Amino acid sequence: MLGKLVWFVVITRVSKVGLAILVSLTAVMVALGVLGALQGSSTAYQVQQSARVYAVGYLTFAYALLASVAGFVVLKADLDYLFTLPLDRKTLGTALYLANLVLYSLLIAYMTSFSFSAGLSVISPILGLSLASLSVVLAGMKLWVRGLVVAGVVAWFLSALLGFPYSPASIAYGHVGESLGVTLGYTAVLTYLAVRRLGHYDQLLMRTLSRSSGEVKDVLTFSPSSPLTTFLKLKLAYLALTGRFGFYSGSGEYRSATVKISTAVLFSSALAVVYSAIVFALKGSGEQLTEAVVMSAHIYVLAVTALSLTMSGLMVERAWLLFPTFGHKFLRYVALGTALQALVLASPFAVADLVLSTLLGPSTQLGSLLLKGAISNAALTPLVTALSLYVLAVTLPVQLRDEVNPVNIEVGGRSFLFGMWFMIPTVAAIAVLLGPLYVSAIVTAVTAVLVAVVLSDRMVAKAVKDMVERGYV
């Protein structure tokens, strides 16, 4: 009974083809990550040190992102069907948990493979189990409590950079026994706490979904303005955020909010100041280590900005009202407005790069890297965001009509295209950062041409037609 229920729950999240693709990609990427790490074991110590910093930072980022926004896998169909069946609550909760475990284990293994650390790839299934359990433990908690828990886990993971051996990420530094011991203990505690809550998970879910919305206090005036100007004004005034950023699973833990763009810029500026302080403090520790930190930071800024704004930009738009008014041009407005938001949010990092490059000397290797980083933040990030929104529109146009009624969340072959898509801009960002200035200019120009092509009338109209056929509008 439990086995059949688990299989049913898994298949309702991921199609058979999608699951086969995910398993295959996971196996290939983990193998490549382990082989890459083993082949690089004979390189110089400084290079190894840079790779370890990158591996720890990447693992921490991936784990924190999934722990913060993925949530427990509960679809609206589950609320309408599974939770109404005469099933034992403990059995149903266990089935949902095990299905969640399958998805999280595959995802964390797939993402950990990009750390190019053999040790981290080995313990990734254990981290997947801890992540599935953590999602159950955090369910129903207030947002600030969840934030504190995730922040504590992040600090614990990053403590490996300071030489602390009792951290899951310390296996990247050769502390195999210590890392495995604490990771197994951490996972065991979380799993025990999660199992205790499975019997009444439906109550925790309803508690989460029963919260009230806030009030709109600031009113904007758009008259007289053209449709495009009106839309851009709105995008420059408010930033819409949603809590479901995962590609591969639906979640009942939808969090939608609207914040002032000025607040988001202040937060981005604070992060840019922290980034500048870290780079300035590390400049005397060796160029390899500092350059690894700079490159990792820029790739994270591009990926997080493009991913979060793209997913949020399409999920919260009331397209069924606006498409009949503006026609297919509305999708172009969404892409341009989202790119403008990405430019505003990435600008503090571009300014920080320019200041650091001036202080360290643009002619130096690190100064040149920072100068190209400013190009990445100011030009490549907005362009990739616009391009990503179009790719999402034609592959996985998820829409949040209310917090328990998303559409288009079942994963098939198309949705994996969007997940794999982010490998392309990541490679483009690496080319911009590592190549000469003319290469950076060429990559940026090619990306701009691609944006112009996909936002042309013909391509936008085709995308909108496809979105309508798939039930987005």
Side-chain angles (χ1 to χ4, degrees), residues 44 46-47 49-58 61 158 161 261-262 264-309 339-387 422 424-448 451:
Q46 192 64 54
V47 177
Q49 180 70 4
S50 302
R52 288 165 178 162
V53 172
Y54 166 76
V56 172
Y58 184 88
F61 165 76
L158 292 179
L161 298 175
I261 198 73
S262 57
V265 171
L266 286 176
F267 181 74
S268 177
S269 300
L271 291 179
V273 170
V274 173
Y275 157 75
S276 302
I278 293 174
V279 172
F280 204 76
L282 290 177
K283 65 182 179 62
S285 303
E287 287 191 353
Q288 291 281 358
L289 176 59
T290 310
E291 289 174 6
V293 172
V294 171
M295 286 192 60
S296 300
H298 284 88
I299 293 174
Y300 292 159
V301 169
L302 184 145
V304 173
T305 303
L307 178 60
S308 59
L309 293 183
L340 184 60
Q341 287 182 329
L343 173 61
V344 171
L345 295 180
S347 292
F349 290 92
V351 172
D353 285 328
L354 287 175
V355 172
L356 288 170
S357 178
T358 303
L359 293 176
L360 300 175
S363 59
T364 64
Q365 186 172 342
L366 181 58
S368 176
L369 177 62
L370 290 165
L371 182 60
K372 289 178 286 188
I375 297 175
S376 174
N377 285 322
L380 190 62
T381 297
L383 292 172
V384 167
T385 301
L387 204 56
F422 269 91
I424 299 175
T426 299
V427 173
I430 293 174
V432 168
L433 294 171
L434 293 184
L437 278 175
Y438 73 86
V439 173
S440 304
I442 291 174
V443 172
T444 305
V446 170
T447 308
V451 171

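Values below: all heavy atoms of this structure, side chains included; hydrogens, waters and symmetry mates excluded. Remember, it's a predicted structure, so these values are computed and weren't measured experimentally.
Within the 4.5 Å cutoff, side-chain heavy atoms of Leu309 are placed close to those of Leu345. Using a 4.5 Å cut-off on side-chain heavy atoms (C-beta onward), Leu343 and Thr381 make no contact.
Under the side chain to side chain contact (heavy atoms under 4.5 Å, CB included) test applied with Val451, the options Leu387, Thr385, Val446 reduce to a single match, Leu387. When each of Leu359, Val294, Thr358, Val355 is paired with Leu370, the side chain to side chain contact (heavy atoms under 4.5 Å, CB included) condition holds for Val294 and for no other.
Scored by the side chain to side chain contact (heavy atoms under 4.5 Å, CB included) test, Val273 finds no partners at all (sequence neighbours excluded). For the ring pair (Phe, Tyr, Trp, His ring centres under 6.0 Å) test, residues two or more places apart in sequence or in another chain that qualify with Tyr300 are Phe61. The side chain to side chain contact (heavy atoms under 4.5 Å, CB included) check on Leu354 picks up Leu371, Ala374, with sequence neighbours excluded. For Val293, the side chain to side chain contact (heavy atoms under 4.5 Å, CB included) test picks out Val53, Ile278, Leu282, with sequence neighbours left out. Applying the side chain to side chain contact (heavy atoms under 4.5 Å, CB included) test to Leu266 and every residue at least two apart in sequence or in another chain returns nothing.
Nearest heavy-atom pair, Lys372 versus Ser440, reported as atom, atom and distance to 0.1 Å: CD-OG, 3.5 Å.
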Going by atom type alone, with no hydrogens or angles, which donor-acceptor pairs under 3.5 Å involve a side-chain atom of residues 429-439 and a protein atom two or more places apart or on another chain?
none

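Among pairs with a residue in residues 268-278, those fulfilling side-chain hydrogen bond (donor to acceptor under 3.5 Å, both in side chains) read Tyr275-Asp353, at least two apart in sequence or across chains.
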